[in-house]
Amino acid sequence: QVQLVESGGGLVQPGGSLRLSCAASGFTFSSKTMTWVRQAPGKGLEWASEVNSRGDNTNYTDSVKGRFTISRDNAKNTVYLQMNSLKPEDTAIYYCNVKNNGMDYWGKGTLVTVSS
């Protein structure tokens, strides 16, 4: 079965950095676009970033462009989100997402809190 396990969240001061990881299993990772989606407290889901199957095409929501970098290691079945210059408004649960055989799959998420 498809499994996505996020890690790397935590408490960081404004301006700091974190690197999130999502370990995937149960599907052909190297053939799928991978997505990071976040949910701020009291708000809905927000698409944050995605990377294509080869890792050579990435997209970002405007609010994270220039600060976040998505990447993947197909040998390790893992997708990453490097987050720099973090702001309080980046506080959210970050979820890893993949569409496989017509279904959406999600991990349990990892909490990022940006606060002084």
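Heavy-atom basis, side chains included; hydrogens, waters and symmetry copies ignored.
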Practice task
Measure the spacing between OG of Ser31 and CZ of Arg54 and express it to the nearest 0.5 Å.
Solution key: 12.0 Å
Problem - Residue pair Val79 / Val51, side-chain heavy-atom distance below 4.5 Å - result: yes
Exercise for the section: Evaluate the criterion side-chain contact (heavy atoms from CB on, under 4.5 Å) for residue pair Val2 and Val98; output intermediate values, then yes/no. Expected result: CA-CA 9 Å; Val2 173; Val98 66; 4.2 Å; yes
Practice task
Drop me the distance from Leu20's CG to Met83's CE, to the nearest 0.5 angstrom.
Solution key: 3.5 Å
Handout entry: Closest approach of Asn52 to Thr33 (non-hydrogen atoms, all atoms of both residues)
Key = CA-OG1, 3.7 Å
Exercise for the section: Step by step, work out the side-chain contact (heavy atoms from CB on, under 4.5 Å) result for Met34 and Leu4. Expected result: CA-CA 11 Å; Met34 297 299 297; Leu4 301 169; 4.0 Å; yes
Exercise for the section: Taking Arg72 for its side chain and Phe29 for its backbone only, find out whether a donor-acceptor pair lies under 3.5 Å. Expected result: yes
Fill in the blank from the handout: Minimal heavy-atom distance between Trp47 and Tyr60, with the atoms involved, is CZ3-C, 3.5 Å
Practice task
Mind checking the OG-NZ spacing from Ser63 to Lys87? Nearest 0.5 Å is all I need.
Solution key: 8.0 Å
Fill in the blank from the handout: Heavy-atom closest pair (Ser17 atom, Asn84 atom, distance to 0.1 Å) is OG-OD1, 2.9 Å
Fill in the blank from the handout: Tightest non-hydrogen contact, residues Trp36 and Glu6, listed as CZ3-CG, 3.9 Å
Handout entry: Donor-acceptor under 3.5 Å (Gln39 side chain, Ile93 main chain)
Key = no
Exercise for the section: Without swapping roles, check the side chain of Arg38 against the backbone of Glu46 for a donor-acceptor pair under 3.5 Å. Expected result: no
Exercise for the section: Verify, without hydrogens or angle tests, whether Thr78 (side chain) and Lys76 (backbone) share a donor-acceptor contact under 3.5 angstrom. Expected result: yes
Problem - Under 3.5 Å: donor-acceptor pair, side chain of Glu50, backbone of Thr35 - result: no
Exercise for the section: Could you pull out the closest heavy-atom pair between Ser49 and Asn59, with the gap in Å? Expected result: OG-O, 2.9 Å
Handout entry: Thr110 (side chain) donor-acceptor with Gly9 (main chain) under 3.5 angstrom
Key = yes
Practice task
To the nearest 0.5 angstrom, please state how far the NZ atom of Lys32 sits from the OG atom of Ser53.
Solution key: 9.5 Å
Exercise for the section: Look up atom SG in Cys96 and atom OH in Tyr80, then write down how far apart they are to the nearest 0.5 Å. Expected result: 11.5 Å
Problem - Any donor-acceptor pair under 3.5 Å from Asp73 side chain to Asn77 backbone - result: no
Exercise for the section: Give me the ring orientation class for Tyr95 and Trp106: parallel if the planes are under 30° apart, tilted from 30 to 60°, perpendicular past 60°. Expected result: perpendicular
Practice task
Indicate yes or no for a side-chain donor-acceptor contact from Thr91 to the backbone of Val114 under 3.5 Å, with no hydrogens or angles considered.
Solution key: yes
Exercise for the section: Please examine the side chains of Val37 and Tyr94, heavy atoms only from C-beta on, and report whether any two atoms are closer than 4.5 Å. Expected result: no
Practice task
Give the minimum heavy-atom separation between Pro14 and Ser115, together with the two atoms involved.
Solution key: CD-C, 3.6 Å
Problem - Check ion pair Asp62-Lys65 (N to O, under 4.0 angstrom) - result: yes
Handout entry: Distance in Å, Asp90 CG paired with Leu18 CG, rounded so as to fall on 0.5 Å steps
Key = 10.0 Å
